[in-house]
Amino acid sequence: MNARAPKGTSDMLPDVARAWEHLQRVAQELFALYGYEPVYTPLFEHTDVFTRGIGEATDIVSKEMYTFEDKGGRSITLRPEGTASVVRASLEHNLTANGAQAKLYYAGPMFRYERPQKGRMRQFWQIGIECLGAPEPTADAEVITVLWRYFESLGIPSTNMRLLLNSMGDEACRPAYRDTIASFIRGHAADLCDECSRRADTNPLRAFDCKDPACREVMAGAPLLRDELCEECATHYAAVKAHLDALDIPYIEDSTLVRGLDYYTRTVFEVQVDAGLGSQNAIGGGGRYDRLMQEYGGPATPGLGFALGFERTLLALEAAGVQIPAVPRAEVFVARVDDSVTAEVFALSQRLRDAGVAAELDHQARSLKSQFKQADRLGARLVVIVGPEELAAGEVTLRDMSTKEEKRLALDSATADVIAALGEEGTD
RNA sequence: GUGGGUGUAGCUCAGUUGGUUAGAGCGCCGGACUGUGGCUCCGGAGGCCGCGGGUUCGAGUCCCGUUACCCACCCCA
């Protein structure tokens, strides 16, 4: 057989898995400050949850979904992102009925069939929040602030990051602007790449995203939505910016920021970093999606949220030289001098563990020397040495690994004495 | 889907113009007067040299194919 993880996936061995848990722990603590609660939705959904929500013409839906038919003949798709599922679940369970607000966060793997490269995997992890039922611009500013604070609290210097902000308008002003851009593109088709020319009919706004120098030059002269927002959108956008200003969140307005999902309305944003990420420089992003729940047949319910990628965040952390806090694998190592004391070693280890102390022992019963090496590697602060000599006196030896001091403990009170010794150590 | 790069011990890599038992560092295991760590020293285990063909007296080293990974384009987290 092929003992290899599928293309675009990777095993997260302990070093990486620890970092993963750190990212989640920091997120949970931060999100709780803002009142967000956890939610777990299925890793797969009925395909139309994504086709209707994200949009048929988007790259995600048109070429990146893991879609298959299950044995019941249903079309099933592995989730390529989190928002659609959360909104679907909120509708299904009426979380926002009668004007209620729901603040939810999720974390887990997403799936997109793409060619892997730096910062891009077929199975990748995202953590995100969704704020449903809140049309107010303070909600926009809050969500953006949570994203920014998250990266800050992980230790990414704010000077390494930039927050891009834009408004995509709503149903009142975007269609007209869309037409404007479409005809602008048709008018300049000769100077644009094939892809962009085609975009006139499918997704004209995306032409702003093209990296082709010729296209960029042409699009630099295109009319901007910023100048054609309807009054409500303009007011909302101005308020969002004012709230961010008040919190000193340093955004950069980017009228070419057009995110690749159809459901966005009004506010969209993205956090980018330069170092460490290759060409995938966005570590998080999101926006407002006031029409998404209606798209699923529910009542008009505003909402917005963000998602951030674990793999990319980790790359950004590495580039910034941030160390993930290491957790010692053992506080105490119980060493045995020879096989005659195996039973006592095993029993004492368990008593320590039952008392809440991380205790380790060597099942292989190697030499005392190698047990000490092991204790050292595990980061144990104390080693309890159990040997025939001290056992005959009903005692064990306790060694402090940093001071090298040793003392005898009565076996009967060893657990309490070890805990006391750990306590003393912790205070200095 | 397109293009480029790389595949040699657990990890990071050397391997000269093809030539005898394929190397280093780190890690791992053991030892240094034998019940004790982090330094140093000594020893040891561990390699279908990605896979399949071909050229050759002889290929890790050249040629062809294939596959995997990496990076880039597209796009996004």
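Order of the sequence lines fixes the chain letters, A, B, ..., with proteins taken first and strands second; residue numbering starts at 1 for each chain. The structure presented is a predicted model; accordingly, all values stated were derived computationally and were not measured.
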Shortest side-chain distance from A:Arg399, nucleotide among B:rC73, B:rG37, B:rA77: B:rG37

I'd like to know if A:Glu406 reaches the base of B:rG35 with its side chain, counting only an N/O donor and acceptor under 3.5 Å. no

Length of the CD-C1' vector between A:Glu114 and B:rC74, whole Å: 9 Å

A:Trp125 on top of B:rA77's base, within under 5.5 Å and under 30°? no

Which atom pairs link the protein and nucleotides 43-47 of chain B when you take only N or O atoms and keep those under 3.5 Å?
none

Which one, B:rA77, B:rG35, B:rC70, comes nearest to the side chain of A:Pro116? B:rC70

Closest nucleotide among B:rU36, B:rC76, B:rA72 to the A:Ile385 side chain: B:rU36

Taking the side chain as everything from C-beta on, heavy atoms only, tell me whether A:Val418 gets closer than 4.5 Å to A:Leu409. yes

Which atom pairs, one a donor and one an acceptor, fall under 3.5 Å between side chains of residues 9-30 of chain A and the rest of the protein, sequence neighbours left out?
from    : atom 1 : to      : atom 2 : distance (Å)
A:Thr9  : OG1    : A:Pro6  : O      : 2.6
A:Asp15 : OD1    : A:Arg18 : NH2    : 2.8

From the options B:rA77, B:rG37, B:rG35, select the nucleotide whose nearest atom is closest to the side chain of A:Phe372. B:rG37

Throw together a table of side-chain donor-acceptor distances under 3.5 angstrom for residues 160-167 of chain A, partners on residues two or more places apart or in other chains.
from     : atom 1 : to       : atom 2 : distance (Å)
A:Arg162 : NE     : A:Gln272 : OE1    : 3.1
A:Arg162 : NH1    : A:Asp274 : OD1    : 3.3
A:Arg162 : NH1    : A:Asp274 : OD2    : 3.1
A:Arg162 : NH2    : A:Gln272 : OE1    : 3.1
A:Arg162 : NH2    : A:Asp274 : OD1    : 3.0
A:Asn166 : ND2    : A:Ser255 : O      : 3.4
A:Asn166 : ND2    : A:Leu257 : O      : 3.0
A:Ser167 : OG     : A:Gly169 : N      : 3.4

Output all residues satisfying ring pair (Phe, Tyr, Trp, His ring centres under 6.0 Å) with A:Tyr289, sequence neighbours left out; order by chain, then residue number. A:Tyr263

Interatomic distance where OH belongs to A:Tyr105 and C1' belongs to B:rA77 [whole Å]: 19 Å

Does any residue of residues 307-323 of chain A have a heavy atom under 4.0 Å from RNA chain B, and if so, which ones, in number order? A:Gly309, A:Arg312

Sequence neighbours excluded and cut-off under 3.5 Å, please list the side-chain donor-acceptor pairs for residues 174-190 of chain A, or say none.
from     : atom 1 : to       : atom 2 : distance (Å)
A:Arg174 : NE     : A:Met168 : O      : 3.1
A:Arg174 : NH2    : A:Tyr264 : O      : 2.3
A:Tyr177 : OH     : A:Pro223 : O      : 2.7
A:Tyr177 : OH     : A:Leu225 : N      : 3.3
A:Arg178 : NH2    : A:Thr202 : O      : 2.7
A:Thr180 : OG1    : A:Ala176 : O      : 2.9
A:Ser183 : OG     : A:Asp179 : O      : 3.1
A:Ser183 : OG     : A:Thr180 : O      : 2.9
A:Arg186 : NH2    : A:Asp201 : OD1    : 2.9
A:His188 : ND1    : A:Phe184 : O      : 2.9

Cut-off 3.5 Å, side chains only: do A:Arg291 and A:Thr265 have a donor facing an acceptor? no

Regarding A:Ala282, tell me which of base, sugar-phosphate or nothing describes its non-hydrogen contacts under 4.0 Å with the strands shown. sugar-phosphate

Tell me yes or no: between the side chains of A:Thr397 and A:Glu390, is some donor less than 3.5 Å from an acceptor? yes

Footprint string (nucleotides 2-12 of chain B, 5' to 3'): B base within contact, S backbone only, - free, heavy atoms under 4.0 Å: BB---------

What is the separation between atom CG on A:Asp15 and atom P on B:rG27, rounded to the nearest whole Å? 15 Å

Heavy-atom side-chain proximity of A:Phe50 to A:Pro80 below 4.5 angstrom: yes

Check: A:Arg366 main-chain N/O paired with A:Asp362 side-chain donor or acceptor under 3.5 Å: yes

Could you give the NZ-to-C1' distance, from A:Lys7 to B:rC71, as a whole number of Å? 12 Å

Whether A:Gln117 contacts B:rA72 is assessed here as follows: a side-chain N or O lying under 4.0 Å from the phosphate OP1 or OP2. Is that the case? yes

Any side-chain heavy-atom pair from A:Glu69 and A:Ile76 closer than 4.5 angstrom? no

Can you tell if the side chain of A:Arg351 reaches within under 4.5 Å of the side chain of A:Leu348, non-hydrogen atoms only? yes

Does any N or O donor sit under 3.5 Å from an N or O acceptor when you compare the side chain of A:Gln280 with the base of B:rA72? no

Mind running a 4.0 Å heavy-atom check of residues 34-63 of chain A against RNA chain B and sending the residues that fall below it, in number order? A:Asp59, A:Lys63

Less than 4.0 Å between a side-chain N and a carboxylate O, is that true for A:Arg88 and A:Glu45? yes

For A:Tyr237, run the side chain to side chain donor-acceptor pair (under 3.5 Å) check against A:Arg226, A:Arg266, A:Glu253 and tell me which one passes. A:Glu253

From CG of A:Asp376 over to P of B:rG27, roughly how many Å is that when rounded to an integer? 13 Å

Counting N and O atoms only, with roles assigned by atom type, does the side chain of A:Arg381 sit under 3.5 Å from a partner on the main chain of A:Leu422, one being a donor and the other an acceptor? yes

So what does A:Gly128 hit on the nucleic acid, given a heavy-atom distance under 4.0 Å: a base, only sugar-phosphate, or nothing? nothing

Do side-chain atoms of A:Arg329 reach the backbone of A:Gly379 as a donor and acceptor pair under 3.5 angstrom? no

What's A:Met121 touching, base or sugar-phosphate or nothing? Going by heavy atoms closer than 4.0 Å. base

When A:Phe124, A:Phe68, A:Tyr66 are each screened for ring pair (Phe, Tyr, Trp, His ring centres under 6.0 Å) with A:Tyr113, the one that passes is A:Tyr66

If you count every heavy atom of other residues, nucleotides or ligands that lies below 6.0 Å from A:Tyr40 atom OH, does the total exceed 12? no

All N/O donor-acceptor pairs, side-chain side in residues 301-318 of chain A, below 3.5 Å, sequence neighbours left out:
from     : atom 1 : to       : atom 2 : distance (Å)
A:Thr301 : OG1    : A:Pro299 : O      : 2.9
A:Glu311 : OE1    : A:Trp125 : N      : 3.1
A:Glu311 : OE2    : A:Trp125 : N      : 3.2
A:Arg312 : NE     : A:Gly119 : O      : 2.6
A:Arg312 : NH1    : A:Ala282 : O      : 3.1
A:Arg312 : NH2    : A:Gly119 : O      : 3.2
A:Thr313 : OG1    : A:Gly309 : O      : 2.6

Are any of the side-chain heavy atoms of A:Met65 and A:Phe111 separated by less than 4.5 Å? no

Ranges pairing with ranges for RNA chain B, where each run has three or more Watson-Crick or G-U pairs under 3.5 Å: B:1-7 with B:67-73, B:10-13 with B:23-26, B:28-32 with B:40-44, B:50-54 with B:62-66

Could you give the CG-to-P distance, from A:Leu368 to B:rG37, as a whole number of Å? 8 Å

B:rC76, B:rA72, B:rG37: which one has an atom nearest the side-chain heavy atoms of A:Arg120? B:rC76

May I have the distance from A:Gln123 (atom CD) to B:rA77 (atom C1'), rounded to whole angstrom? 14 Å

Calculate the interatomic distance between A:Arg122 atom CZ and B:rA68 atom P; express it in whole Å. 10 Å

Please identify each residue that fulfils ring pair (Phe, Tyr, Trp, His ring centres under 6.0 Å) with A:Tyr34, with sequence neighbours left out. none

For nucleotides 28-34 of chain B, just jot down a letter per nucleotide in 5' to 3' order: B, S or -, based on protein non-hydrogen atoms under 4.0 Å. SSSS---

